[in-house]
Structure formats: C-alpha cells, structure tokens
Amino acid sequence: MWIFDGQEFTDEDIKDSVGFVYIITNKLTGKMYIGRKYFYSTRKIKRTDKRRSTRESDWKSYWGSNKDLLAEIAATGEDNYTREIISLHKTRGDTNIAEVKEQFMRNVLEDDRYINGNINGKWHRPPQHIIAARRYKR
C-alpha cells in the first residue's frame with residue numbers, strides 16, 4: 001500500500017498525474033530510500049509504426065530498483081517497510097527533476113540513513129572528502 005498525505009493512495013487519486021517521487025522506510029532500522037515511479041508506460045506498437053500503446057505500470061506492487069533495498073526487503077519482509085508518496089507530477093520530466101532534487105536536498109549519498117547508492121544513475125559514490133570524514137568518525 002502506498003500512502004500520500006496520510007491516506008492510502010488509490011487509482012482514483014492519480015487524476016492527471018504521470019508519476020511520483022516516493023520514500024520507502026525500514027521500520028526496524030529507520031533506513032530510507034528515495035526514488036520515482038511512473039503510473040503508465042508507453043511503447044511503440046511496432047518499430048516502424050508511429051502509434052503507441054499505453055498501459056498501467058507496476059506502481060502498486062513496486063518496491064524500487066535498488067538491489068540492496070530489494071535484498072533487505074526480501075530478508076526482513078514487506079511488513080517492515082512503509083511506502084510513502086512524497087509528491088505527484090504531471091510530466092515525466094517534472095518527476096525526474098523532483099526525484100533528483102529530493103535526493104540532493106536529503107543528501108542521500110552522504111547520509112548513512114539512506115540506502116541510495118546513486119543519484120539518477122550517475123553519482124555512484126560520495127566525494128572523497130566525505131569518505132575520508134566517515135573513516136575519521138569511526
């Protein structure tokens with residue numbers, strides 16, 4: 001179940017939204033993951049055809065694409081996690097921008113409370129000065 005503004009989110013709540021930014025939280029450890037998901041996928045019917053087919057995505061059962069997160073969920077069970085929609089968006093571009101902005105604002109690469117290993121598939125590790133500071137703290 002997805003939660004948005006304290007309520008269960010359903011098909012009727014999608015309205016004209018294309019996608020959403022979400023946070024998945026481990027209730028046992030407090031670790032979090034920030035991501036985005038689209039409500040629909042669009043595909044060309046044939047390679048040479050300009051027509052497109054649109055269908056609902058797997059958003060209702062989606063648990064993210066991060067391998068560490070998925071392994072953790074498999075080991076501890078879905079009941080130990082909450083899935084919360086942070087924001088809804090009317091375009092794919094707005095969804096992508098909001099996800100990256102949320103990840104940077106929350107400092108997911110440098111904050112140990114987050115499972116995110118990258119941002120937008122590009123920034124895979126914290127900068128060296130952050131890695132060095134973590135070593136120093138231990």
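Everything numeric here is computed off the predicted structure, so don't read it as measured data.
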Between S57 and F39, is there a donor-acceptor pair closer than 3.5 Å when you use the side chain of the first and the backbone of the second?
-> yes
Verify the distance criterion only: is there a donor paired with an acceptor across the side chains of Y114 and Q103 at less than 3.5 Å?
-> no
Using a 4.5 Å cut-off on heavy atoms from C-beta on, say whether the side chain of D68 contacts that of Y33.
-> no
Less than 4.5 Å apart, any side-chain heavy atom of E8 and any of D13?
-> no
Set of residues satisfying ring pair (Phe, Tyr, Trp, His ring centres under 6.0 Å) with respect to Y40, sequence neighbours excluded | none
Between F20 and F9, how do the two ring planes meet: parallel, tilted or perpendicular, split at 30° and 60°?
-> tilted
Looking at E12 and K15, what are the two nearest heavy atoms and their distance?
-> O-CG, 3.6 Å
Taking the side chain as C-beta and beyond, is there a heavy-atom pair between D111 and M32 under 4.5 Å?
-> no
Can you list the residues that meet the side chain to side chain contact (heavy atoms under 4.5 Å, CB included) rule with I86, with sequence neighbours excluded?
-> V21, I23, I34, E102, R106
Any W63 side-chain heavy atom under 4.5 Å of L69 side chain | no
Can a donor-acceptor pair be found between the side chains of E84 and T82 at a distance below 3.5 Å?
-> no
Just wondering, do E78 and I73 contact through their side chains at under 4.5 Å, heavy atoms?
-> yes
More than 12 foreign heavy atoms under 6.0 Å from NZ of K27: is that the case here?
-> yes
Charged tip of R83 within 45° of Y22 ring normal and under 6.0 Å = no
State whether the number of non-hydrogen atoms from other residues, nucleotides or ligands found under 6.0 Å of M105 atom CE is greater than 12.
-> yes
Listed by chain and number, what are the side chain to side chain contact (heavy atoms under 4.5 Å, CB included) partners of T29, not counting sequence neighbours?
-> N26, K31
